[in-house]
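Have a look at the structure below, then the notes.
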Amino acid sequence: MGGGGGGRGLTPSELQQLEQKAKQSLKTSEDTGKCNVFISFASEDLSDVNMLRAQAKNDNSDIEFNDWSLKKPFDSKDAEYVKRGIRERIRQCSVTVVYVSDKTVDSKWVDWEIRETIALGKGVVAMYKGDRSPTRLPKAVADNKVPVVPWNQRELAEAIKTQAQKA
């Protein structure tokens, strides 16, 4: 006698209900899927960026993403080599989150990362810490009308999701 469970077969109505449940479950898991994110920031802001990374790992956080940004700088003085490595990270993402601070405003690397993200057809979100929107932004943010949001879990999560859909 063959194995595999017993019981009665499903009626067509029960089968249809089961199919609908499965489709809804798949839709829900797609809606809550994590985006691959590249974080662009000035190296002086690493401690703040690490806090953002920690929030993304917290199960109780609205911010959910897979972090593809650099954990430590490339060990090279060759700018083209560094650009190739960063470009590949950005290519694997759907969104770049730019951490805006006084240090990022004048960073040539941050500006390049934003422009490269846009050139690759990916979404960009600029995020700032504190109560006030920054008066100065990286030129690429202003030039490309990148959305700028406060470091607020819900607002950042929504902006990431919106930008990911554009990619």
Side-chain angles (χ1 to χ4, degrees), residues 26-59 61-130 132-167:
L26 283 173
K27 186 176 188 298
T28 303
S29 69
E30 286 173 4
D31 291 345
T32 59
K34 291 183 176 184
C35 295
N36 290 335
V37 170
F38 180 86
I39 305 172
S40 180
F41 62 98
S43 58
E44 297 90 346
D45 293 323
L46 182 59
S47 61
D48 284 344
V49 170
N50 283 338
M51 282 194 316
L52 175 63
R53 289 172 171 152
Q55 281 184 343
K57 291 178 183 175
N58 183 336
D59 290 338
S61 173
D62 290 326
I63 303 170
E64 273 190 79
F65 59 78
N66 297 314
D67 180 9
W68 281 84
S69 55
L70 303 178
K71 305 302 184 279
K72 61 181 188 176
F74 282 96
D75 187 18
S76 176
K77 300 273 189 237
D78 180 357
E80 285 308 310
Y81 169 78
V82 173
K83 284 181 179 181
R84 277 194 307 273
I86 292 172
R87 186 179 294 117
E88 187 52 39
R89 293 289 182 111
I90 292 170
R91 187 172 282 136
Q92 296 170 6
C93 296
S94 51
V95 177
T96 291
V97 173
V98 181
Y99 179 71
V100 177
S101 73
D102 292 338
K103 292 129 188 127
T104 25
V105 170
D106 299 317
S107 169
K108 291 177 185 170
W109 281 106
V110 169
D111 193 75
W112 179 84
E113 290 165 350
I114 295 165
R115 292 180 192 284
E116 191 63 22
T117 300
I118 292 166
L120 291 170
K122 311 292 181 161
V124 181
V125 175
M127 180 201 72
Y128 63 91
K129 186 177 175 183
R132 291 190 189 143
S133 184
T135 54
R136 293 180 58 223
L137 295 167
K139 188 165 175 13
V141 168
D143 289 351
N144 294 286
K145 297 181 175 68
V146 169
V148 181
V149 298
W151 186 336
N152 169 291
Q153 289 186 15
R154 282 204 174 93
E155 287 186 57
L156 181 58
E158 191 58 39
I160 289 171
K161 186 188 289 186
T162 299
Q163 290 300 307
Q165 291 170 349
K166 292 181 178 182

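Counting from 1, the numbers follow the sequence of the chain as shown. Only heavy atoms go into these numbers, but all of them, side chains included; no hydrogens, no water, no symmetry mates.
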Just wondering, do Lys108 and Asp111 contact through their side chains at under 4.5 Å, heavy atoms? no

Using atom types as modelled and distance alone, determine if a side-chain donor or acceptor of Thr96 lies under 3.5 Å from a backbone N or O of Ile114. no

For residues Ser107 and Val110, report the shortest heavy-atom separation together with the two atoms involved. OG-N, 3.1 Å

Under 4.5 Å between any side-chain heavy atoms of Met51 and Gln55, yes or no? no

Looking only at heavy atoms, the pair that brings Leu137 and Pro134 closest together is CD2-CG, 3.6 Å

Smallest separation among heavy atoms of Ala42 and Thr104, with atom names: N-CG2, 3.6 Å

Please output the side-chain donor-acceptor pairs of residues 119-129 that fall under 3.5 Å, not counting sequence neighbours, one pair per line with the distance.
from	atom 1	to	atom 2	distance (Å)
Lys122	NZ	Arg91	O	3.0
Lys122	NZ	Cys93	O	2.9
Lys129	NZ	Asp48	OD1	3.0

Dump the intermediate steps for side chain to side chain contact (heavy atoms under 4.5 Å, CB included) on Asp143 and Arg115, then the final yes or no. CA-CA 10 Å; Asp143 289 351; Arg115 292 180 192 284; 2.8 Å; yes

Quick one: list whatever passes side-chain hydrogen bond (donor to acceptor under 3.5 Å, both in side chains) with Lys103, sequence neighbours left out. none

Which distance, rounded to the nearest 0.5 Å, do you find between the CD1 of Ile39 and the OH of Tyr99? 11.5 Å

Would you give the length of the straight line joining atom SG of Cys35 to atom CD of Gln165, rounded to the nearest 0.5 angstrom? 8.5 Å

Is there side-chain contact between Val148 and Val100, with at least one heavy-atom pair below 4.5 Å? no

Applying side-chain hydrogen bond (donor to acceptor under 3.5 Å, both in side chains) to Ser94 and not counting sequence neighbours gives none

Can you confirm whether Asn50 is buried at CG, in the sense that more than 12 heavy atoms of other residues, nucleotides or ligands lie under 6.0 Å from that atom? yes

Shortest non-hydrogen contact between Gln163 and Val95, atoms and distance: C-CG2, 3.9 Å

Check whether any side-chain heavy atom of Val146 sits under 4.5 Å from a side-chain heavy atom of Val98, and report yes or no. no

Looking at Glu113 and Ile90, what are the two nearest heavy atoms and their distance? O-CD1, 3.9 Å

Is any side-chain heavy atom of Leu46 closer than 4.5 Å to a side-chain heavy atom of Phe41? yes

